[in-house]
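Below: the structure, in structure tokens.
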Amino acid sequence: MSAAQHNMSLSGETSAKLSTTQKVATGLGWTGIFIFCLAFFNPELPPTFLWSALTFIALGVIIFANDQYLGKSAGVKNDGIWFRSMTARGILAWGTGIVLTLFYIVLYWFPQYLGYNPDGANSGLVALFDPLSRLISGQPASQWFVYGTLYTLAILTFGYKFLLKYRHNKYEVLRTYSVMFFQLGFAFLIPEILMRLNQPYFNPVNIWPLNYDLFAGYKLSEFFSAGNIGLLMLFFGLASIFVITPILTYFYGKRWYCSWVCGCGGLAETAGDPYRHLSDKSRSAWKFERYIIHTVLVLVVVMTIAVVYSFLNENPDQFWLDKNVFLLGSVAFLVLLFGLIFIFKRHRLARDAKKGAIISLSIVLAIIAVFYFSGMTYGYLLRQWYGFLIGAAFSGVIGVGFYPIFGNRVWCRFGCPMAAVLGMQQRLFSKFRITTNGGQCISCGNCSTYCEMGIDVRAYAQKGENIVRSSCVGCGICSAVCPRGVLKLENGSLHGRINSDAVLLGNDVDLLDLIREQKKATRDPHSSPFNS
Amino acid sequence: MPTPEHVVIIGNGVAGITAARHIRRISDKKITVISAESDYFFSRTALMYVYMGHMKWEHLKPYEDWFWEENRIELKKARVKKIETASKMLFLEAEEKMSYDKLILATGSVPRFLGIEGEDLSGVQGLVSKQDLELLEENTRKCRSAVIVGGGLIGVELAEMLHTRNIPVTMLIREKAFWQNALPLKDAQFISRHIESHGIKLMHETELKKINGQNGRVRSIETSSGEEIECDLLGISVGVKPNIAFLEGSEIETDRGILVDEYLQTNVSDIYAIGDCAQHREPIKGRKDIEAVWYTARMMGETVAQIICGKPFKYNPGNWFNSAKFFDIEYQTYGNVSANPEEDEQHFHWEHRDGTKAMTIAFDPASSTFLGINTYGIRMRHEVFDRWLTEKRDLEYVLRHLRQANFDPEFYDRHEKEIFSSFKENMMKPQT
Ligand SMILES: Cc1cc2nc3c(=O)[nH]c(=O)nc-3n(C[C@H](O)[C@H](O)[C@H](O)COP(=O)(O)OP(=O)(O)OC[C@H]3O[C@@H](n4cnc5c(N)ncnc54)[C@H](O)[C@@H]3O)c2cc1C
Ligand code: SF4
Ligand code: SF4
């Protein structure tokens, strides 16, 4: 655009600079990472190196955060975000993105380069983590243990930074303690301790369909061979998605999971927080989001049905459940679910949502029919491909590797099937909404800019409408950064929750009634060319 | 098919754009919006966030660029130089002309200057337009210190902006405390303390007397108390005035702003004025004739759209409300809280001990009717206060039900009880 744009991006050097303390802290952090790099050369480092590397990294982040936020007034801390290379898609951001992406590629597909050796002693980086792994689970480390440790470290240390940054906002503080707790306890320690007790690896808060492997054949065998505990785990897994999740989402919206419990959400909210403004808010991104996330949901449903079908096929006499009964049961369940939604919520479904739902259901049913009539079991193949494309490439490489470029919730927004399920429910059967405050919005755009899910919050606020969007993870940041106190996340009555005919408060009341009527009349884009 | 009526709107600010959107929703008229400042509508209230690096320019646009074409609102970037009302013709720069059937003037404000010698030096500026923001970028490139004249809403924004670039700021404030021509003294002092806690130097009861320049740039200023302060930037934020210079010599009647009746019509038929540039001939009781805020600009836009589309509503805004933010402290107001109350208005003021939250409630001591509230650091529900004001609730009712009106995020500390008991202590005891 004009010269102004140019000026504005050049300026602000002062606020973008790091202080001396921050530089020292960054140096500490890099020293930790350097030790990890050193391990690649397999010099058989003593355990002290592991402890010191972890300590250096933690101290680096903590000292940095203290310098940045402590002793400063509590409040919105977004100064210079769009001036810094690291947070404004500059060279540092690209560099970080590329390094992260490479790390994920090695982690998923070439763990041997990290020193992982399933058949003997580990070497390199994985060997460096052996002492910690032995301490917790009694077994040598795997690449996943290394990853889990670093992941947890990131959530804890950047969680600390987030706590300082948003210390004026109790909602943010409690939510962050919660994700730190669930990551450390449930995602990291409990599964490892279960292994130590010779029980199946199980993270109770990693719920299907995010945990797409929960019903995979090998997992089912594990559960069934672990006796009552195994059955309990399987039962809990089923209850989580079919009972617990719907109830909690009804009362609190999908946020109870996405920004209070989930590990993916946890990383996005803590380590990913400096990148939340990079999400794409355009209408086209929204359209893309709806296609792709529901496609992933269809894939995971089909894949899961296929693996269970395969499992039953291979172990026909072991269970009371016949493979064909299972298929027919799945069909009945899906048809019933969709039928009920259509009967009770048709007035809430936009035309394209109905179309999408019917197409998705037809595809799933058609594929089930193929299984049924061909009797073929594609379970393993499908699982392998799903794992490769969605589990690894999408959620890991693109989801986290690209934080500094596309923002911190790319996976949660475009890919996560759990988010798709919770989102549908949030939109249709939940008490949660973001209320807008009368006529107070000044259209400044802070809310939209800092919405990590790319929701154009302002578009609703400046019309006086509540925000009831399936993708909203309830992070509360839009409300936190709004300079006029316009947004409030709350759980309330279902009546009037979605209020697309609302008007902005302030004007003559009769005039407002008229505008409300006019808005209702032109609401349907098919009867009116007006689009706002 | 008869050609639809052509509505031309001068000014793509919130007033003009609101009018355009509402006219489009209810009619098929041809709509053209002319503006010289920017290609697209942007949020003027958010200019500061671009300078502070919270947002980029593109984030200031409340609608995506496809919006205008999809809704058949034509945008024209040009300056209107002259209006010929007899022939219903607009003269744009570069010899262009445009005819209209209905004309809406929504030309907003320009900064007010003091008329002191030296205001034309470089480094002296106001902050209203996109161009002002660009100028500020230029002016603060190598700025070592700045002085801001005027303790108002734009002044504090300027101070916060400069503060993020580590530029030391001194503010000259004519009143005893910050924005005390609009806020009661205790509120104003509370805000002054907060601003000072951020390292801004406030000089109360001090005015600008002289500007000293060197090589065409501002070098220092002298205050009414005789002090000389060096500065590379002098921000003038003593208010804004309607942008009406281009109407000089036209038939359209102006005073300080463009004079309009209750139907927002000027003295010339088919010409209306809304937003910051409009001056109401007969303001509604208790309101000012020129109200240069976002919300009233929007409401005039909503109203004029109905008027133009054959639903003649008088401009009749509801209960007053407004909001602002002073560094970390959000401010909201509902109803009337006078800066200098007369005998028919009494105030109850509460402050939290941590100095970041406060509240002032105005009521009529005779009837104890609730008149209005200022809140600082506590968010309130507009809808609830609007209802209480319309229902003319009494003070006791408001205090007892304050919790219903709270709009703070979940889990925030509540202060209703403390406020209530503080009120009992201070107001209920017999005055001695
Ligand atoms: C820095 C700042 C912060 C503010 N913050 C707040 C706030 O927090 N809350 C609040 O309530 N209010 C705030 N205001 C006031 C609020 O922005 C204005 O009241 C509101 O924008 C007025 O809108 P408008 O449509 O009347 O005019 P404007 O937004 O000023 O739009 C007028 C447009 O018309 C154009 N124009 C004028 N003459 C011509 C011509 N001859 N030819 C072509 N184009 C022309 C101008 O270039 C301009 O683009 C703030 C103002 C400023 C400057
Ligand atoms: S809701 Fe708040 S943050 Fe969003 S545009 Fe409105 S005033 Fe700005
Ligand atoms: S709308 Fe608000 S609460 Fe929801 S995801 Fe976006 S920023 Fe978070």
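First the proteins, then the strands, lettered A, B, ... as listed; each starts at 1.
When the candidates A:Ile515, A:Val173, A:Val76, A:Leu487 are compared by the number of heavy-atom contacts under 4.5 Å with chain B, A:Ile515 comes out ahead. Among B:Asp328, B:Leu47, B:Val293, B:Thr140, the residue making the largest number of heavy-atom pairs under 4.5 Å with chain A is B:Asp328. Of all the listed residues (A:Ala459, A:Gly75, A:Ser282), the one sharing the greatest number of non-hydrogen pairs under 4.5 Å with chain B is A:Ser282. Here A:Thr449 is the residue among A:Thr449, A:Ile81, A:Val481 with the most heavy-atom pairs under 4.5 Å with chain B. Of all the listed residues (A:Gln440, A:Gln518, A:Glu490, A:His277), the one sharing the greatest number of non-hydrogen pairs under 4.5 Å with chain B is A:Gln440. Put simply, of A:Asp456, A:Thr87, A:Thr435, the one with the most heavy-atom pairs under 4.5 Å next to chain B is A:Thr435. If you tally non-hydrogen atom pairs under 4.5 Å between each of A:Leu489, A:Asn491, A:Val503 and chain B, the highest count goes to A:Leu489.
Annotation: side chain of A:Phe83 is not in contact with side chain of B:Lys56 (no heavy-atom distance under 4.5 Å). Counting heavy atoms from C-beta on, the side chains of A:Ser479 and B:Arg379 come closer than 4.5 Å.
Heavy atoms of other residues, nucleotides or ligands lying less than 6.0 angstrom from CD of B:Glu391 number more than 12. Heavy-atom neighbours of B:Phe327 CZ from other residues, nucleotides or ligands within 6.0 Å: above the threshold of 12. Taking a 6.0 Å sphere around CZ of B:Phe411, one finds it holds more than 12 heavy atoms contributed by other residues, nucleotides or ligands. Within 6.0 Å of CZ on B:Arg144 lie no more than 12 heavy atoms contributed by other residues, nucleotides or ligands. Shown here is A:Lys72, whose NZ atom has more than 12 heavy atoms of other residues, nucleotides or ligands within 6.0 Å.
Across all non-hydrogen atoms, the minimal contact from A:Pro483 to B:Glu330 is O-CG, 3.5 Å. Nearest heavy-atom pair across B:Phe321 and A:Gly439 is CE1-O, 3.5 Å. Of all heavy-atom pairs spanning B:Tyr334 and A:Asn437, the tightest one is OH-ND2, 3.9 Å. Of all the heavy atoms in B:Trp294 and A:Cys441, the pair that sits closest is NE1-O, 3.4 Å. For the residue pair A:Ile442 and B:Tyr295, the shortest heavy atom distance occurs at CG2-OH, 3.4 Å. Taking each heavy atom of A:Leu514 and B:Phe313 in turn, the nearest pair found is CD2-CE1, 3.5 Å.
The salt bridge (Lys or Arg N to Asp or Glu O under 4.0 Å) analysis of residues 304-327 of chain B, with sequence neighbours excluded, yields the pairs B:Glu262-B:Lys314.
For A:Arg497, there are no side chain to side chain donor-acceptor pair (under 3.5 Å) partners, not counting sequence neighbours. Residues satisfying the side chain to side chain donor-acceptor pair (under 3.5 Å) criterion with A:Ser19, sequence neighbours excluded, are A:Asp67.
Rounded to the nearest 0.5 angstrom, B:Met48 CE and A:Cys444 SG are separated by 10.0 Å. To the nearest 0.5 Å, atom NZ of residue A:Lys170 and atom CG of residue B:Asp408 are 11.5 Å apart. Distance check: A:Asn446 CG to B:Leu60 CG gives 9.0 Å after rounding to the nearest 0.5 Å. A distance of 11.0 Å separates OG1 of B:Thr356 from NE2 of A:His168, quoted to the nearest 0.5 Å. For the atom pair B:Glu383 CD and A:Thr436 OG1, the distance stands at 11.0 Å (nearest 0.5 Å). One distance of note links NZ of A:Lys519 with CZ of B:Arg25; it measures 6.0 Å at 0.5 Å rounding.
A tilted orientation is assigned to the rings of A:Trp82 and B:His59, their planes being inclined by 30° to 60°.
No donor-acceptor distance shorter than 3.5 angstrom exists from the side chain of A:Ser443 to the backbone of B:Pro62, with no hydrogens or angles considered. Listed for the A:Tyr450 side chain is a donor-acceptor partner under 3.5 Å among the backbone atoms of B:His54. A donor-acceptor contact shorter than 3.5 Å links the side chain of B:Glu64 to the backbone of A:Arg283.
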Residues A:Arg516, B:Glu302; criterion salt bridge (charged side-chain N to carboxylate O under 4.0 Å, His left out); working and verdict: CA-CA 12 Å; A:Arg516 207 172 280 124; B:Glu302 290 167 356; over 6 Å; no
Criterion side-chain contact (heavy atoms from CB on, under 4.5 Å) on B:Tyr412 and A:Asn169, from CA distance to verdict: CA-CA 7 Å; B:Tyr412 267 43; A:Asn169 188 314; 3.3 Å; yes
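Only the side chain of A:Arg458 comes within contact range of chain B, judged by heavy atoms closer than 4.5 Å. When heavy atoms are compared at a cutoff of 4.5 Å, B:Arg298 approaches chain A solely by way of its side chain, counted from C-beta outward. Residue contact with chain A, scored on non-hydrogen atoms closer than 4.5 Å, involves the side chain of B:Asp386 exclusively. Neither the backbone nor the side chain of B:Ser197 comes within less than 4.5 Å of any heavy atom in chain A. Contacts between B:Phe407 and chain A at a heavy-atom distance below 4.5 Å involve backbone atoms as well as side-chain atoms. Contact of A:Ala88 with chain B is not made at all, since no heavy-atom distance falls under 4.5 Å.
The existence of a salt bridge linking A:Arg175 and B:Glu410 is excluded, since no basic side-chain nitrogen approaches an acidic carboxylate oxygen closer than 4.0 Å. Salt-bridge annotation for B:Glu58 and A:Lys281: absent, with no side-chain N of the basic residue lying under 4.0 Å from a carboxylate O of the acidic one.
Residues of residues 505-512 of chain A lying within less than 4.5 angstrom of chain B, judged on heavy atoms, are A:Leu505, A:Gly506, A:Asn507, A:Asp508, A:Asp510, A:Leu511, A:Leu512 in numerical order.
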